[in-house]
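Written below as structure tokens is the structure these notes are about.
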Amino acid sequence: MLGAIVSGTVADCVGRRCTMAISDILCILGYLLITFSQNFWWLDIGRVSIGCGIGLLSYVVPVYISEITPKNLRGGFATVNQFMICCGASLAYVLGTFITWRTLAIIGVAPCLLQLVGLLVTPESPRWLARFGHPGAFEAELQKLRGKGADISEEAEEIKVGVGLMVLQQFGGVNAICFYASEIFVSAGFSSGNTGMLAMVAVQIPMTGLGVLLMEKAGRRPLLMVSAAGTCLGCLLVGFSFLAKEHHWGKDLNILLALAGILTFGGSFSLGMGGIPWVIMSEIFPINMKGAAGSLVTLVSWLGSWIVSYAFNFLLVWNSYGTFFIFASICGLTVLFVERLVPETKGRTLEEIQASMNSSLVGTSHK
């Protein structure tokens, strides 16, 4: 949340590329503090440093991707980001079953260093350069991104137009399920959480890859609605698993329901709800307010993550199956929210999205 609060301001002041470099440095510092920690203060400070870095990255990376990619590739490229996050988290889950946490922390330094070096040859966002008064550099970076022979005149003019505003939120328990998946499997009757965790990883990666392939074909809205409906079903199945355990309907039944529920939830979330909200956030905000609005949405996302993950254990003690039925209800409401309020942005430039939203806002005000 600390990183999210300042993410938009930092990205607007120093640029998208420099913001990513700052976040890499914060993450490297945090991982080194954890690796060589002598007491719990080192661990706490390290986690705060990594948290600030991730807060910056979670905002600036989707925004940067949306600003540098052509409209026909934007969605796919943005979901590749989520695919790589899924691969990294899955790899951490797998490695965590074999190595110590200190070793895992030092491994975390490697991708940060790799990105830091890669940023030396990464172009700055043309839209950021155009917005903050670097017209010469803006043209040069856009030409570099599109290729030497490409005609950038039309796109260069479109970039000077802003984009509109919309916020998509989901509060369906994903962080509780991901953070506590191992404990959920044990509570449902598994002898160990490792088997279920590895099965969840095996489902998430191909489903995220499928989402990447379908993003520009099916569109944002259909994928979001299918994904939200799937997470709703997954939460219902896990809820029924705990209900079956409480009423002694058979151990095999509650274990089967728990496994099916978490795999359905993880696969469905990876298909759309994991990455598309960040894609849409990066597409709908106008360049002149992207910093402030993006910071707010990123802050709300991490605040929601903290609330859900902190409250989950208390909710599980209060009513295990009721907790997942609450999550299922929120996932079901997400389907309605997407159907009624979320615009389709597939195959449109950021400027076209802004123009269409401006037209609809004007029409609403006249009514």
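Excluded from the calculations below are hydrogen atoms, water molecules and symmetry mates; all remaining heavy atoms, backbone and side chain alike, are included.
- Hydrophobic cluster membership for Trp41: Phe40 (Ile, Leu, Val, Met, Phe, Trp, Tyr linked by side-chain heavy atoms under 4.5 Å, directly or transitively).
- Taking CD1 from Ile99 and CD1 from Ile107, the interatomic distance works out to 3.5 Å, rounded to the nearest 0.5 Å.
- In plain terms, the two heavy atoms of Trp318 and Thr323 that are nearest each other are CE3-OG1, 4.3 Å.
- A 4.5 Å side-chain heavy-atom check between Ile54 and Cys27 finds at least one atom pair inside the cut-off.
- Two residues are said to be in side-chain contact when any heavy atoms from C-beta on lie closer than 4.5 Å; Ile28 and Leu113 meet this criterion.
- The OG1 atom of Thr100 sits 11.0 Å away from atom CG of Leu95, with the distance rounded to the nearest 0.5 Å.
- Here the CD1 atom belonging to Ile25 is positioned 11.0 Å from the CG atom belonging to Leu56, to the nearest 0.5 angstrom.
- Comment: Glu67 engages Arg16 in a salt bridge, judged by a side-chain N to carboxylate O separation of less than 4.0 angstrom.
- Hydrophobic clustering (ILVMFWY, side-chain heavy atoms < 4.5 Å, transitive): Leu104 and Ile85 are in distinct clusters.
- Residues Tyr93 and Met207 share a hydrophobic cluster, clusters being chains of Ile/Leu/Val/Met/Phe/Trp/Tyr side chains in contact below 4.5 Å.
- The two atoms that bring Gly230 and Thr264 nearest to each other are O-CG2, 3.5 Å, heavy atoms only.
- Residue pairs meeting the side chain to side chain donor-acceptor pair (under 3.5 Å) criterion with at least one member in residues 107-121, sequence neighbours excluded, are Asp24-Gln115.
- Aromatic ring orientation, Phe269 versus Phe265: parallel (interplanar angle below 30°, classes split at 30° and 60°).
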One pair to check against side-chain contact (heavy atoms from CB on, under 4.5 Å): Ile34 and Trp101. What are the steps and the verdict? CA-CA 9 Å; Ile34 290 173; Trp101 55 267; 3.9 Å; yes
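- Every pair passing ring pair (Phe, Tyr, Trp, His ring centres under 6.0 Å) that includes a residue from residues 202-241 is listed here, sequence neighbours excluded: Phe240-Phe325.
- For the pair Ser125/Arg17, no side-chain contact is recorded, criterion being any heavy-atom separation below 4.5 Å from C-beta on.
- A donor-acceptor distance shorter than 3.5 angstrom exists from the side chain of Thr35 to the backbone of Tyr31, with no hydrogens or angles considered.
- Counting all heavy atoms, side chain and backbone alike, Ala11 lies closest to Tyr59 at CB-CE2, 3.7 Å.
- Under a hydrophobic clustering in which Ile, Leu, Val, Met, Phe, Trp and Tyr are joined whenever their side-chain heavy atoms come within less than 4.5 Å, directly or via other members, Ile326 and Leu336 fall into different clusters.
- Looking at every heavy atom in both residues, Asn81 comes nearest to Pro62 through ND2-CG, 4.3 Å.
- Between Cys52 and Leu2 the shortest heavy-atom distance is SG-CB, 3.8 Å.
- Under a 3.5 Å cut-off, the side chain of Arg47 and the backbone N or O of Gly30 do not form any donor-acceptor pair.
- Residues Leu236 and Leu333 are members of separate hydrophobic clusters, defined by side-chain heavy-atom contacts under 4.5 angstrom among Ile, Leu, Val, Met, Phe, Trp and Tyr.
- Between Phe312 and Phe327, the ring-plane angle classifies as parallel under the 30° and 60° cut-offs.
- Distance check, rounded to the nearest 0.5 Å: OH of Tyr310 to CG of Leu315 gives 12.0 Å.
- Here CG of Leu57 is found 8.0 Å from CE of Met20. Values are rounded to the nearest 0.5 Å.
- Taking every heavy atom of both residues into account, Ala21 and Leu119 meet most closely at N-CD1, 3.4 Å.
- Following chains of ILVMFWY side-chain contacts shorter than 4.5 Å, one can reach Phe83 starting from Leu91, so the two form part of one hydrophobic cluster.
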Run the numbers on Leu257 and Leu243 for side-chain contact (heavy atoms from CB on, under 4.5 Å), then give the verdict. CA-CA 10 Å; Leu257 287 172; Leu243 190 63; over 6 Å; no
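- Two residues are said to be in side-chain contact when any heavy atoms from C-beta on lie closer than 4.5 Å; Leu32 and Leu29 fail this criterion.
- Between the CZ atom in Phe36 and the CD atom in Gln38 there is a gap of 10.0 Å [rounded to 0.5 Å].
- A donor-acceptor pair is defined here as one N or O able to donate and one able to accept, closer than 3.5 Å; no such pair exists between the side chain of Ser227 and the backbone of Leu224.
- Side chains of Ser268 and Leu233 form no contact here, defined as non-hydrogen atoms less than 4.5 Å apart.
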